[in-house]
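Just so it is clear, the model here is predicted, and its values are computed rather than measured. Positions are given from 1, in the same order as the sequence printed here. Counting starts at 1 for both ligands and their atoms, following the listed order.
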Amino acid sequence: MTFSCLGVGIGTARAIALGPAFLLTRGGPIEVPPRRIESTEVEEEIQRLLRAIARAQQELQAVRRQIPATASASIAQFIDTHLLMLEDVTLTETTVHLIRNQLCAAECALQVHRDNLVRVFEEMEDAYLRSRKQDVEHVVNQIQKALLGPESTKDLRRADLRGRILVAQDLLPADVIVLKQRGIAAFVTELGGPMSHTAILARGLDLPAIVGVHHITRYLRDGETLVVDCLNGVVLAEATPAILGFYRERIRAYEARRAALKKILHRPSVSLDGVGIDLLANIEIPDDIATARGNGAAGVGLYRTEFLYMNRDSLPDEEEQLDAYRRVVEGMGAIPVTIRTLDLGVDKQAEGHPLPCPAPCNPALGLRAIRLCLREPELFRPQLRAILRASALGPVRLMIPMLSSLQELASVLRLIEETKQALQSEGLAFDPDIPVGGMIEVPAAALAAGSFARRLDFLSIGTNDLIQYTLAIDRVDEAVTYLYDPLHPAILRLIRMVIEAGQRQGIPVGMCGEMAGDPRFTRLLLGMGLREFSMQPRALLEVKAVIRESNVAKLAQDIEELLAGLDGFDAESLAQRVDALNPKRLH
Ligand code: PEP
Ligand code: MG
């Protein structure tokens with residue numbers, strides 16, 4: 001059996017994918033799918049082409065100027081050849097002719113011209129001349145890049161990605177949505193941590209992904225078959241049929257397990273000793289409600305509204321937001337939907353609203369989420385109005401992310417009251433008793449959970465950020481991912497404090513961070529008193545299966561003992577004790 005292990009990273013889900021590689025950051029020929037244009041667009045398309053050729057020339061001239069005087073003369077000759085090809089009138093004339101006569105976009109016309117030229121070179125007898133087809137490809141690529149812009153979401157939209165494994169240096173959460181729509185099988189990135197929004201989104205979309213595989217783009221050929229094994233965090237290339245067969249079998253076993261779990265879809269989420277547990281879904285876009293319902297969610301525990309602001313140049317107005325919320329609220333039927341107010345920040349940016357944060361500051365600690373919204377009420381107000389108006393359509397809860405101070409909370413509550421009054425005077429309907437909750441994801445808020453619990457209707461623990469801020473590890477920085485530890489004694493104590501603060505105040509406490517959707521922590525959290533879990537929808541049935549075979553009263557005793565002895569355990573023995581609580585199949 002032979003294969004190359006191309007890299008080891010961090011798997012973001014318990015999944016496996018096979019498929020041809022699509023390398024985002026390399027100089028191979030750029031392929032674009034056909035795009036027709038209207039006859040009225042022809043002149044503008046020709047101008048686009050001419051501008052792109054001019055830009056490609058400028059870029060090559062800049063490269064030529066930077067060639068050191070000591071470098072071999074052949075390097076300058078090589079670039080001169082490409083510059084001459086760019087100046088060649090037949091390149092422009094033929095492409096313009098194709099745009100006019102075939103009504104196709106500039107990049108498509110250029111691709112047709114390139115393919116014709118490449119065919120001519122390929123038919124040449126002389127091996128040297130045949131190899132010069134690469135010059136044509138380089139020059140056309142240079143123009144294509146100028147036409148399509150930098151490697152970005154816009155490129156991803158154009159490429160044919162169906163069934164392919166995208167390999168890139170890094171991806172934004174906004175890219176992941178486009179990738180999923182383009183039918184990608186999986187992705188691998190050189191950078192990023194498993195709790196980054198990019199990775200979370202991939203999990204939510206059931207897209208296998210491995211992040212943090214350093215330098216992988218250097219060692220790959222476009223189109224070669226890859227195995228993406230998220231369970232072990234490895235990417236394999238050049239796998240033999242035996243290895244591929246082994247992985248196909250594992251994919252079948254995974255699908256069989258999912259099919260078996262469907263049997264408990266309509267069974268209640270109740271423990272062996274009769275404790276009912278609310279299992280809710282985390283969603284990013286209205287389309288996710290189909291998966292949430294298909295996996296038996298009893299409501300939405302976290303609707304990450306910021307995704308409505310991404311992949312577009314302008315901000316959504318109140319009506320557009322209301323439409324999106326209406327789809328979710330009506331789509332979920334009469335079960336509760338928790339709409340979280342905007343959590344924009346450095347890793348979730350809206351093109352229509354550049355962050356005011358200057359580059360050198362520490363963005364995770366800066367203007368993010370509720371801080372940004374309070375600083376920019378003109379951004380926040382339309383959303384508050386839309387959420388309140390959505391509350392007239394069904395049971396809606398409003399949730400505030402990243403609270404850290406009581407003054408901040410007072411400001412938000414005041415703004416909500418003002419918004420209610422404005423809606424009332426305009427005769428617009430809303431639920432006057434809409435529950436308002438807060439995310440506990442900053443250690444200060446966890447330590448002061450009692451104060452927040454007195455002023456709010458519910459709390460939800462955001463462990464992704466709580467772990468980031470408590471352990472001082474940037475969730476997007478793969479260099480410190482090894483420190484990410486939901487079982488760190490500090491984290492367990494903070495979670496416990498928040499649950500107890502809610503119990504004392506008689507308000508519900510949920511958890512919507514990734515920890516809630518990991519079945520290996522379900523029994524631990526049940527024993528700590530958690531009764532509401534919100535997670536990516538595909539994790540719901542696995543967590544429900546664990547709940548249905550657990551005795552909560554017994555777990556409460558076990559966890560009491562575990563927490564009492566916390567200071568005496570090292571990380572390994574603590575992890576073993578938590579593991580020992582679990583059913584064998586999760587070990
Ligand atoms: C969290 O921080 O745990 C959370 C659920 O919010 P997000 O991942 O969107 O920051
Ligand atoms: Mg968060």
Side-chain angles (χ1 to χ4, degrees), residues 12-13 172-174 176-177 192-205 211 280-285 288 292 297 299-310 338-350 363-373 397-404 408 437-446 449 452 458-477 481 484-486 488 491-492 494-495 498-499 509-518 521 525 530 532-537 539 543:
T12 61
L172 295 171
V176 178
I177 294 181
M195 292 302 140
S196 66
H197 286 103
T198 298
I200 290 175
L201 197 55
R203 264 194 295 281
L205 294 169
V211 295
L280 311 175
N282 291 354
I283 65 166
E284 275 81 35
I285 49 175
D288 291 342
V300 171
L302 168 64
Y303 175 7
R304 289 184 166 102
T305 53
E306 47 280 359
F307 288 93
L308 188 60
Y309 289 66
M310 294 180 192
T338 311
I339 306 181
R340 178 175 75 179
T341 61
L342 268 177
D343 184 1
L344 291 174
V346 77
D347 72 330
K348 283 187 288 181
Q349 297 200 29
L365 301 180
L367 268 187
R368 192 193 139 181
I370 195 59
R371 302 171 176 187
L372 179 69
C373 288
R397 307 196 295 179
L398 185 154
M399 183 160 80
I400 309 156
M402 213 191 161
L403 284 168
S404 59
E408 201 175 38
M439 287 190 71
I440 303 296
E441 43 187 355
V442 174
F452 286 96
F458 65 96
L459 303 179
S460 185
I461 308 173
T463 46
N464 309 336
D465 279 315
L466 188 62
I467 295 172
Q468 151 165 272
Y469 294 125
T470 307
L471 304 185
I473 48 169
D474 192 327
R475 59 197 271 196
V476 295
D477 183 353
T481 294
Y484 179 88
D485 180 13
H488 191 294
I491 301 299
L492 296 184
L494 290 174
I495 292 174
V498 181
I499 294 173
V509 176
M511 179 180 284
C512 60
E514 295 295 290
M515 192 177 177
D518 188 331
F521 300 131
L525 295 169
L530 194 74
E532 184 189 299
F533 294 63
S534 191
M535 64 199 75
Q536 57 113 337
V543 170

message = Would the distance check show the side chain of Tyr469 and the main-chain N or O of Ala364 forming a donor-acceptor pair, the cut-off being under 3.5 Å?
response = yes
ask   = Rounded to the nearest 0.5 Å, how far apart are CG of Leu525 and CE of Met511?
value = 4.5 Å
key: Candidate pair Asp288 and Arg304, rule salt bridge (charged side-chain N to carboxylate O under 4.0 Å, His left out), full reasoning   = CA-CA 11 Å; Asp288 291 342; Arg304 289 184 166 102; over 6 Å; no
inquiry  = List the protein residues in contact with ligand 1, where contact means a heavy-atom separation under 4.0 angstrom.
reply    = His197, Ile200, Leu302, Arg304, Arg340, Asp343, Lys348, Arg368, Met439, Glu441, Gly462, Thr463, Asn464, Asp465, Arg475, Cys512, Gly513
query = Are any non-hydrogen side-chain atoms of Pro194 and Tyr484 less than 4.5 angstrom apart?
reply = no
query = side-chain contact (heavy atoms from CB on, under 4.5 Å) between Val176 and Leu205: does it pass, once the steps are laid out?
reply = CA-CA 9 Å; Val176 178; Leu205 294 169; 3.8 Å; yes
query = Under the 3.5 angstrom rule, does the side chain of Arg371 hit a backbone N or O of Leu365 as a donor-acceptor pair?
reply = yes
request  = Pull up every protein N/O/S atom sitting under 2.8 Å from the Mg ion (ligand 2), skipping waters.
outcome  = Glu441 OE1, Asp465 OD2
query = Sub-3.5 Å donor-acceptor pair from the side chain of Thr338 to the main-chain atoms of Leu302, do we have one?
reply = no
inquiry  = What verdict does the salt bridge (charged side-chain N to carboxylate O under 4.0 Å, His left out) test give for Glu532 and Arg397, after you've listed the backbone C-alpha separation in whole Å, the side-chain angles of each residue and the deciding distance to 0.1 Å?
reply    = CA-CA 14 Å; Glu532 184 189 299; Arg397 307 196 295 179; 3.2 Å; yes
ask   = Quick one: are Arg203 and Glu514 in side-chain contact, heavy atoms under 4.5 Å?
value = yes
